[in-house]
Amino acid sequence: MPEVIRVTGAREHNLKNISVEIPRDKLVVITGLSGSGKSSLAFDTIYAEGQRRYVESLSSYARQFLGTMDKPDVDQIEGLSPAISIDQKSTSRNPRSTVATVTEIYDYLRLLYARIGVPHCPIDGLEVQRRTPQDIIDAILKYEDGKRLMILAPIVKDKKGEFAHIPEQYRRLGFARARVDGVVYALDEFPDLKKNIKHTIEIVVDRIAMSADMASRVTQSVEQALDLGGGIVEVLNVDDEKTDIFSQRYACVNHPNEEIPELEPRLFSFNAPQGACPVCTGLGSRLEVDPDLVFNPSLTIAEGAVRPYNRVNSDAWYMKRLAEVAKAHRFSLQVPVSQLSPDNLEKVLYGTGNQKYTVNLGSGRSYESTYEGVIPNLERRHKETDSEFMRRDIERFMRDRKCYTCKGARLKPVVLAVTVHGMNSSA
């Protein structure tokens with residue numbers, strides 16, 4: 001392998017018969033005045049020739065999908081390898097843009113991890129492998145005798161549509177029942193589904209009560225279900241409504257219900273729902289209510305220490321509930337917040353669960369209500385409101401913090417558990 005990239009007689013654009021040697025495997029910066037030929041040397045000469053040679057090494061079929069660059073005006077270039085270029089682009093203020101996405105390097109990374117990434121269980125970190133049909137059959141045969149099971153083949157998973165074709169299609173294949181959104185129907189009584197709502201549909205392949213002589217029947221049912229379900233079979237315990245999922249795809253031996261999807265490029269994109277962290281939706285951070293912004297510690301709650309609730313008219317209802325909480329748990333709203341015990345402060349901030357309180361509305365009227373807490377209440381209202389004014393008002397008590405689920409990596413835990421040489425795609 002040569003130690004340098006040797007360019008001889010470069011005349012592209014305004015280059016004047018330039019010859020230069022550039023060391024390989026080094027970070028090299030080309031500097032100069034505007035118009036001196038920096039980009040002409042880096043992009044239009046060196047990169048153009050490397051890209052042209054790479055494309056010419058591919059089949060004619062592959063070349064038709066790739067844009068080719070013209071041969072640069074240069075006598076000779078030695079020591080070149082296939083290369084990618086980072087185009088000069090204006091910066092973006094979009095929080096979903098990073099250096100890797102703007103320069104399109106991340107597209108190559110996503111493809112790399114989809115092709116050679118090694119998946120691991122996101123819970124215990126063990127490398128996962130695909131299950132064979134016999135592995136699945138053996139696992140089902142370990143169920144206790146007498147267990148009533150349904151062998152299900154998932155054919156629709158959280159997709160919108162009416163799916164009116166399904167009853168006739170699977171009736172012809174000899175099946176009689178389907179489970180639609182958790183309810184079992186005869187195919188003759190298949191429900192009318194709303195096309196703008198997501199549905200989950202499984203075909204009931206078999207209904208069995210486990211016993212020692214069920215091996216042959218289980219084997220046949222599992223093979224049918226795997227064929228219909230694209231390599232996935234679900235086993236529903238009829239008595240407790242619990243479902244175990246078995247897959248010929250990747251699965252952890254210790255956590256078989258942890259779904260590990262097939263590796264594909266979009267799975268590694270934090271701008272796609274398939275890969276984005278479900279908590280921060282791929283931003284890496286999220287707005288959270290900050291207790292330090294909620295309280296004025298020098299005031300009592302009665303004096304307005306809870307800043308979001310100190311507006312007399314609009315938030316009187318919340319204060320009435322808070323007064324009942326204080327009465328029930330024997331703490332005072334007349335002492336400074338700084339003097340409340342940690343336990344009572346926790347109740348004010350995060351609520352008291354399902355415990356109910358009777359709130360006096362006046363004129364002999366009362367109302368039973370739970371107390372959800374200042375922070376859950378603000379976060380819920382911020383999420384549900386359609387009012388931009390209210391959203392901005394609540395954001396006065398919030399800070400932008402690193403997502404606690406993905407730790408700022410933007411991707412789902414199951415995606416971050418895929419590694420190449422021990423590193424995930426956010427490393």
Evaluate the criterion side chain to side chain contact (heavy atoms under 4.5 Å, CB included) for residue pair Met150 and Val184; output intermediate values, then yes/no. CA-CA 10 Å; Met150 278 191 192; Val184 176; 3.8 Å; yes
Under the side-chain hydrogen bond (donor to acceptor under 3.5 Å, both in side chains) rule, collect the residues that match up with Asn377, sequence neighbours excluded. Tyr309, Glu372, Arg381
Does the distance from a Lys or Arg side-chain N to an Asp or Glu carboxylate O, for Arg24 and Glu3, drop under 4.0 Å? no
Nearest atoms (heavy-atom pairs only) where Cys121 meets Val128: N-CG1, 3.5 Å
Show your reasoning for whether side chain to side chain contact (heavy atoms under 4.5 Å, CB included) applies to Val337 and Leu299. CA-CA 6 Å; Val337 168; Leu299 298 179; over 6 Å; no
With side-chain hydrogen bond (donor to acceptor under 3.5 Å, both in side chains) as the test, would you mind laying out the steps for Ser269 and Asn271 before giving the verdict? CA-CA 5 Å; Ser269 172; Asn271 291 324; 4.8 Å; no
Only distances under 3.5 Å count here; give the side-chain donor-acceptor pairs of residues 225-239 to other protein atoms, sequence neighbours excluded, each with its distance to 0.1 Å.
from: Asn237; atom 1: OD1; to: Asp239; atom 2: N; distance (Å): 3.2
from: Asp239; atom 1: OD1; to: Arg148; atom 2: NE; distance (Å): 3.2
from: Asp239; atom 1: OD1; to: Arg148; atom 2: NH2; distance (Å): 2.9

Assess the side chains of Asn296 and Ser298: does a donor N or O sit below 3.5 Å from an acceptor N or O? yes
Taking C-beta and beyond as the side chain, do Asn17 and Asp75 meet within less than 4.5 Å on heavy atoms? yes
Only pairs at least two apart or in different chains count here, so list each side chain to side chain donor-acceptor pair (under 3.5 Å) that has a residue in residues 163-176. Glu168-Arg171, Glu168-Arg172, Arg171-Asp188
Using side-chain heavy atoms (C-beta onward) and a distance below 4.5 Å, is Phe163 in contact with Val180? no
Closest non-hydrogen atom pair, Met214 against Ser211: CG-OG, 3.1 Å
Note: Glu49-Arg53 ion pair, threshold 4.0 Å (strictly below): yes
Got a sec, which residues hit side-chain hydrogen bond (donor to acceptor under 3.5 Å, both in side chains) with Thr132, two or more places apart in sequence or on another chain? Asp135
Is the side chain of His120 donor-acceptor paired with the backbone N or O of Val118 at a distance under 3.5 Å, no angle test? yes
Name all residues meeting the side-chain hydrogen bond (donor to acceptor under 3.5 Å, both in side chains) criterion together with Arg115; count only those two or more places apart in sequence or in a different chain, and write none if there are none. none
Below 4.5 Å, heavy atoms only, C-beta onward: do Arg217 and Ile208 meet side chain to side chain? yes
Sequence-distant partners of Thr352, side-chain hydrogen bond (donor to acceptor under 3.5 Å, both in side chains), two or more places apart: Tyr357
Can you tell me if Arg11 has over 12 outside heavy atoms packed within less than 6.0 Å of its CZ? yes
Mind checking whether Leu193 and Ile201 have side chains closer than 4.5 Å, heavy atoms only? yes
So does Gln220 have more than 12 non-hydrogen atoms from other groups sitting under 6.0 Å from CD? no
Leu152 side chain reached by Val205 side chain, heavy atoms, under 4.5 Å: no
Heavy-atom pair with the smallest gap, counting every atom of Ser19 and Thr8: OG-CA, 3.6 Å
Check for a donor-acceptor pair, side chain of His421 on one end and backbone N or O of Thr419 on the other, with a separation under 3.5 Å. no
Could you pull out all residues at least two apart from Lys242 that satisfy side chain to side chain contact (heavy atoms under 4.5 Å, CB included)? Asp240
Lys38 side chain vs Thr31 backbone, donor-acceptor pair below 3.5 Å: no
Do the charged groups of Lys142 and Asp138 touch, with an N to O distance under 4.0 Å? no
Validation row: Leu416, Pro122 side chains within 4.5 angstrom (heavy atoms): no
Pairs satisfying salt bridge (charged side-chain N to carboxylate O under 4.0 Å, His left out), at least one member in residues 270-280, at least two apart: none
Please check if the number of heavy atoms outside Asp145 that lie under 6.0 Å from its CG is greater than 12. yes
Can you list every side chain to side chain donor-acceptor pair (under 3.5 Å) pair that touches residues 282-295, not counting sequence neighbours? Ser285-Asp400, Arg286-Glu288, Asp290-Arg399, Asp290-Arg401
For Asn354, is there any backbone N or O sitting under 3.5 Å from a side-chain donor or acceptor partner on Thr370? no
Check whether Glu12 reaches the backbone of Ser40 with its side chain - one donor and one acceptor, N or O, closer than 3.5 Å. no
Is there a donor-acceptor pair closer than 3.5 Å between any side-chain N or O of His13 and the backbone N or O of Ser39? no
Tell me, with the steps shown, if Ser426 and Asn424 meet side-chain hydrogen bond (donor to acceptor under 3.5 Å, both in side chains). CA-CA 6 Å; Ser426 71; Asn424 62 37; 2.8 Å; yes
Are any of the side-chain heavy atoms of Ile394 and Pro308 separated by less than 4.5 Å? no
Quick one: list whatever passes ring-ring contact (aromatic ring centres under 6.0 Å, His included) with Phe270, sequence neighbours left out. Tyr106
Minimal non-hydrogen separation, Pro291 against Leu349, with atom names: CB-CD1, 4.1 Å
Assign the ring pair Tyr113 / Phe268 to parallel, tilted or perpendicular, where the plane angle (0 to 90°) is split at 30° and 60°. tilted
In Å, rounded to the nearest 0.5 Å, how long is the span from CG of Asn14 to CG of Asp44? 9.5 Å
Please, which pairs that meet salt bridge (charged side-chain N to carboxylate O under 4.0 Å, His left out) have at least one residue in residues 149-164, sequence neighbours excluded? none
So CG of Asn344 and OG of Ser341: to nearest 0.5 Å the spacing works out to 3.5 Å
Decide yes or no for Arg177 and Leu187: does some side-chain heavy atom of the first lie under 4.5 Å from some side-chain heavy atom of the second? no
Heavy atoms only: give me the nearest Thr45-Ala10 pair and the separation to one decimal. CG2-CB, 4.2 Å
Flag, side chain of Asp206 to backbone of Ile151, donor-acceptor distance under 3.5 Å: no
Test side chain to side chain contact (heavy atoms under 4.5 Å, CB included) on Ile140 and Phe246; report intermediate values, then the result. CA-CA 9 Å; Ile140 296 175; Phe246 300 94; 4.0 Å; yes
Side chain to side chain contact (heavy atoms under 4.5 Å, CB included) between Val156 and Thr200, worked out: CA-CA 5 Å; Val156 174; Thr200 296; 5.9 Å; no
Leu173 atom CG: more than 12 heavy-atom contacts under 6.0 Å: yes
Quick one about Arg391 and Thr385 (side-chain donor to acceptor, distance below 3.5 Å, no hydrogens or angles considered), yes or no? no
Taking salt bridge (charged side-chain N to carboxylate O under 4.0 Å, His left out) as the definition, give me every residue that meets it alongside Glu303, ordered by chain and number, with sequence neighbours left out. none
